[in-house]
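This report refers to the structure that appears directly beneath it.
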Amino acid sequence: MTNSEFSSSSSSPSDRRIGALLRHLTAATNSDNLSSVYASPTSGVSGGSVFAHLVQAPEDPILGVTVAYNKDPSPVKLNLGVGAYRTEEGKPLVLNVVRKAEQQLINDRTRIKEYLPIVGLVEFNKLSAKLILGADSPAIRENRVSTVECLSGTGSLRVGGEFLAKHYHQKTIYITQPTWGNHPKIFTLAGLTVKTYRYYDPSTRGLNFQGLMEDLGAATPGSIVLLHACAHNPTGVDPTIQQWEQIRQLMRSKGLMPFFDSAYQGFASGSLDTDAKPIRMFVADGGECLVAQSYAKNMGLYGERVGALSIVCKSSDVAGKVESQLKLVIRPMYSSPPIHGASIVAVILRDRNLFNEWTLELKAMADRIISMRKQLFEALRARGTPGDWSHIIKQIGMFTFTGLNPAQVSYMTKEYHIYMTSDGRISMAGLSSKTVPHLADAIHAVATKAV
Ligand code: KET
């Protein structure tokens, strides 16, 4: 392939990236005297590192909070940054059903460690589609859903983004303002153009439904719209079912392509089916959509990196072609996905008893979070903390979007060793009855002082 083939304006985003790289390398070979580099391949011209010019990159806005927390020696420190469930004792939780499933996998001596197919574990894919779309989904019955196992929610969003950048006629994706900090980066690097639509109203700490409808109404027809299936991150604010129906009608009338991010199925209401309702409404109308699923939170499989991307198509013929093209996106990215996490999920989803046990454990996690909301709200009320804190009990899912500003957040970290993202988001799942008073004291202090 020649350099100029890559610079064609009709080339795909990945071709363009490779093209830019090739042009860069060719220019370097033509103009630079590279003999010193060849003579000493790991050192720069002056004998120093060839990477010496790099600037220190900032920590990730979410995962960097944990890095800072780990460095703090204080015994009262509290990590409310990352959205990861903790027990009342503040410990990470491995679900009992996950332990049982892993035991089954270990006991099965016929299991092997061969590569999975590019699309991952086929049984896992089928069960994942059923879990999110519903066992009786007409789209599944009509065989027009293409599902591939991906590296958790993030990997599913990235694969879906690259697929759209390559094969969908509109390259603009609208994301909520605000949203999970990784969304804009994932989709930009996938080759899409990222724009935002209004979502949150700071004055009511609720949904800006009018702004949302206006912005989607003004979007270029055919654009992609990223929708949080439930438990919106970071605001904890979801549309009502009636509002979802209006969003659906508007989007379908303008041919906007729904791309659902479902990272918290079961965490919003405690019910897997209730939390999947908005997605199922869009599938029920017969139109197309994409869904990225994560098992990080709802099965506690964070580090196993297990998730799925489903593309609901109009016909089984199209779904087959879509799958063939998804394989071309995945193969050069990471070849094929890991086997262990998907096997755990498949064992749990295929067995009625384990499945039921999972739903109980999931409900218990969701209930503990709701109880933390009540306890924090009550603790602030008991302290007479100024301001309306009712959003703590109204918001949904893992997070409360407190409304605290970056200066207040940094004061709480410095004086109280409480860690959270600088936008004032706190992970309610990181809180326990023992730590609620400490957090309430800190919030009370910043709410009563001029910080
Ligand atoms: N979508 C949303 C909305 C989301 O909050 C996360 C993770 C993901 C996708 C991806 O999760 P994965 O582990 O790739 O399945 N959010 C938490 C963790 C993180 O930032 O990575 C968080 O917001 O704290």
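Index from 1, following the sequence. Counting starts at 1 for both ligands and their atoms, following the listed order.
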Taking atom types as modelled, is there a side-chain donor on Ser390 or Asp388 under 3.5 Å from an acceptor on the other? yes
Any idea which protein heavy atom is nearest atom 20 (O) of ligand 1, and the distance to it? Trp180 NE1, 2.9 Å
the protein heavy atom lying closest to atom 24 (O) of ligand 1 turns out to be Gly83 N, 2.7 Å
Distance under 4.0 Å to a non-hydrogen atom of Arg425: what atoms of ligand 1 satisfy this? 22 (C), 23 (O), 24 (O)
Quick one: which ligand 1 atoms are inside 4.0 Å of a heavy atom on Ala296? 13 (O), 15 (O)
Closer than 4.0 Å to some heavy atom of Val82 - which atoms of ligand 1 meet that? 18 (C), 24 (O)
Can you sort out which atoms of ligand 1 are near Gly153, meaning under 4.0 Å from one of its heavy atoms? 12 (P), 14 (O), 15 (O)
Any idea how His183 and His228 line up, ring-wise: parallel (<30°), tilted (30 to 60°), or perpendicular (>60°)? perpendicular
Please list the nearest protein heavy atom to atom 11 (O) of ligand 1 with its residue and the distance rounded to 0.1 Å. Thr154 OG1, 4.0 Å
Report the part of Arg158 in contact with ligand 1, treating N, CA, C, O as backbone and CB onward as side chain, heavy atoms under 4.0 Å; options are side chain, backbone, both, neither. neither
Ligand 1 contact on Asp261 by region, counting heavy-atom pairs under 4.0 Å: side chain
Please check if atom CZ in Arg252 has more than 12 non-hydrogen atoms from other residues, nucleotides or ligands closer than 6.0 Å. yes
Both conditions, 6.0 Å and 45 degrees, for the charged tip of Arg425 above the ring of Phe399: are they met here? yes
Heavy atom to atom 15 (O) of ligand 1, shortest distance: which of Ala429, Ser152, Cys150, Ala229 holds it? Ser152
Students often mix this up, so state it plainly: with edges at 30° and 60°, are the rings of Phe260 and Phe282 parallel, tilted or perpendicular? perpendicular
Working to the nearest 0.5 angstrom, can you tell me the gap between Lys327 NZ and Phe163 CZ? 13.5 Å
Ligand 1 contact on Tyr264 by region, counting heavy-atom pairs under 4.0 Å: side chain
Sub-4.0 Å atoms of ligand 1 with respect to non-hydrogen atoms of Ser294: 12 (P), 15 (O)
Parallel, tilted or perpendicular: which fits the ring planes of Tyr200 and Phe401, with parallel below 30° and perpendicular above 60°? perpendicular
Go through it in stages, so that I can follow the logic: the residues are Phe259 and Tyr174, the test is ring-ring contact (aromatic ring centres under 6.0 Å, His included), and I'd like the CA-CA distance, side-chain angles, deciding distance and then a yes or no. CA-CA 10 Å; Phe259 191 164; Tyr174 284 82; over 10 Å; no
For atom 7 (C) of ligand 1, what's the nearest protein heavy-atom neighbour? Residue, atom name and distance, please. Lys297 NZ, 3.4 Å
May I ask you to identify, for Asn233, whether its side chain, its backbone, both or neither come under 4.0 Å of ligand 1 on a heavy-atom basis? side chain
In terms of atom number and element, which parts of ligand 1 are under 4.0 angstrom from non-hydrogen atoms of Arg305? 12 (P), 13 (O), 14 (O)
Does Lys297 make a cation-pi contact with Tyr302, if we ask for NZ or CZ under 6.0 Å from the ring centre and within 45° of the axis? no
List the steps and the verdict of side-chain contact (heavy atoms from CB on, under 4.5 Å) for Asp60 and Lys185. CA-CA 11 Å; Asp60 180 82; Lys185 300 172 199 167; 4.1 Å; yes
